[in-house]
Amino acid sequence: MSRFLRIKLLPTVILNMMAGVVVSNAEIDPLIFVLLLLQSVALYLFGMGLNDRVDLNRDRKNMELGI
């Protein structure tokens with residue numbers, strides 16, 4: 001269960017957003033940045049949750065095989 005949603009990788013989402021702002025050299029409204037950041041985090045968590053759900057049977061088989 002500690003792997004659920006891979007929350008320990010969540011800082012990469014935040015750093016990717018920050019890197020995008022730095023690379024684009026754009027002045028961004030703080031409210032828009034926070035909203036985009038929240039949206040990115042939500043999409044990341046949804047994608048990880050969906051992946052965990054879809055791969056549930058495969059993960060069980062791999063655990064039985066010791067993989």
Side-chain angles (χ1 to χ4, degrees):
M1 193 61 130
S2 64
R3 289 184 46 220
F4 185 68
L5 297 180
R6 294 166 196 82
I7 292 178
K8 67 181 179 182
L9 298 175
L10 196 56
T12 60
V13 174
I14 297 166
L15 291 174
N16 287 343
M17 280 291 298
M18 295 171 100
V21 170
V22 169
V23 168
S24 70
N25 200 23
E27 290 187 27
I28 189 165
D29 181 18
L31 178 61
I32 291 175
F33 179 75
V34 169
L35 291 174
L36 287 172
L37 187 62
L38 290 174
Q39 182 181 12
S40 297
V41 168
L43 285 171
Y44 171 81
L45 293 176
F46 175 76
M48 290 299 109
L50 183 62
N51 181 57
D52 287 346
R53 181 65 183 127
V54 169
D55 290 344
L56 193 59
N57 289 332
R58 184 182 304 163
D59 290 342
R60 281 191 192 133
K61 289 177 185 176
N62 286 341
M63 285 184 72
E64 290 173 3
L65 297 173
I67 299 175

- side-chain contact (heavy atoms from CB on, under 4.5 Å) assessment of Leu36 paired with Gln39: CA-CA 5 Å; Leu36 287 172; Gln39 182 181 12; 3.9 Å; yes
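Hydrophobic cluster membership differs between Val23 and Val21, with clusters built from Ile, Leu, Val, Met, Phe, Trp and Tyr side chains linked at under 4.5 angstrom. A continuous path of ILVMFWY side-chain contacts below 4.5 Å connects Val13 to Leu9, so both sit in one hydrophobic cluster. Linking ILVMFWY residues whenever their side-chain heavy atoms come closer than 4.5 Å, directly or via other members, leaves Leu35 and Ile14 in distinct clusters. In this structure, Leu56 is not a member of the same hydrophobic cluster as Leu50, with clusters built from ILVMFWY side-chain heavy atoms closer than 4.5 Å.
Distance check, rounded to the nearest 0.5 Å: CG of Leu31 to CD1 of Ile28 gives 10.0 Å. For the atom pair CG of Asp52 and CG of Leu45, the computed distance is 10.5 Å after rounding to the nearest 0.5 Å. Rounding to the nearest 0.5 Å places CE of Met17 at 12.5 Å from OG1 of Thr12. Atoms CE and CG, from Met18 and Leu15 in turn, are 7.0 Å apart once rounded to the nearest 0.5 Å.
When hydrophobic side chains of Ile, Leu, Val, Met, Phe, Trp and Tyr are connected at separations under 4.5 Å, Leu38 ends up clustered with Val34.
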